[in-house]
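The basis for the numbers below is simple: all heavy atoms, side chains too, and nothing from hydrogens, waters or symmetry mates. Along the sequence shown, the residues carry numbers beginning at 1.
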Amino acid sequence: MTRSRAHLPSRPTWRCQGCGIAWPCSAAKLRLLGEYRENRPALLVYLATLQAEAAEQLAELDYGTPSDRLAERFLHWATPRGQPHLSGTVEPEAR
């Protein structure tokens with residue numbers, strides 16, 4: 001029986017150790033939302049911290065990932081609908 005890898009970031013490339021796509025992958029997002037379901041502000045602080053770390057490491061690798069793309073990747077998905085993103089834009093509410 002093979003054991004699957006956890007969906008954690010592989011530094012400094014910030015690819016998922018489990019599936020190889022850009023982290024946080026869908027599985028990591030679901031896990032994080034579950035872990036922080038009672039404290040979304042703490043999740044956003046945690047993700048902002050990781051985004052800053054990723055920006056530094058990716059810049060050193062010269063990946064040239066624009067900061068707005070990193071904000072979308074790390075933060076926007078975790079912002080509750082109808083709440084402003086850190087960039088000031090508001091996520092529309094689902095109908």
Closest heavy-atom pair, L47 versus W77, reported as atoms and distance to 0.1 Å, is CD1-CZ2, 3.6 Å

CD/Q51 to CD/E72 distance, rounded to the nearest 0.5 angstrom? 11.0 Å

Looking at every non-hydrogen atom in both residues, tell me the closest pair between A78 and L44 and how far apart they are. CB-CD2, 3.8 Å

Distance in Å, L33 CG paired with R40 CZ, rounded so as to fall on 0.5 Å steps: 5.0 Å

Donor-acceptor pair, distance only, cut-off 3.5 Å: does the side chain of R15 make one with the backbone of S10? no

Would you give the length of the straight line joining atom CG of L32 to atom NZ of K29, rounded to the nearest 0.5 angstrom? 10.0 Å

Nearest heavy-atom neighbours spanning L58 and R73: CD1-NH1, 4.4 Å

With sequence neighbours left out, the residues meeting ring pair (Phe, Tyr, Trp, His ring centres under 6.0 Å) with W14 are F74

Closest non-hydrogen atom pair, H7 against R31: O-NH2, 3.7 Å

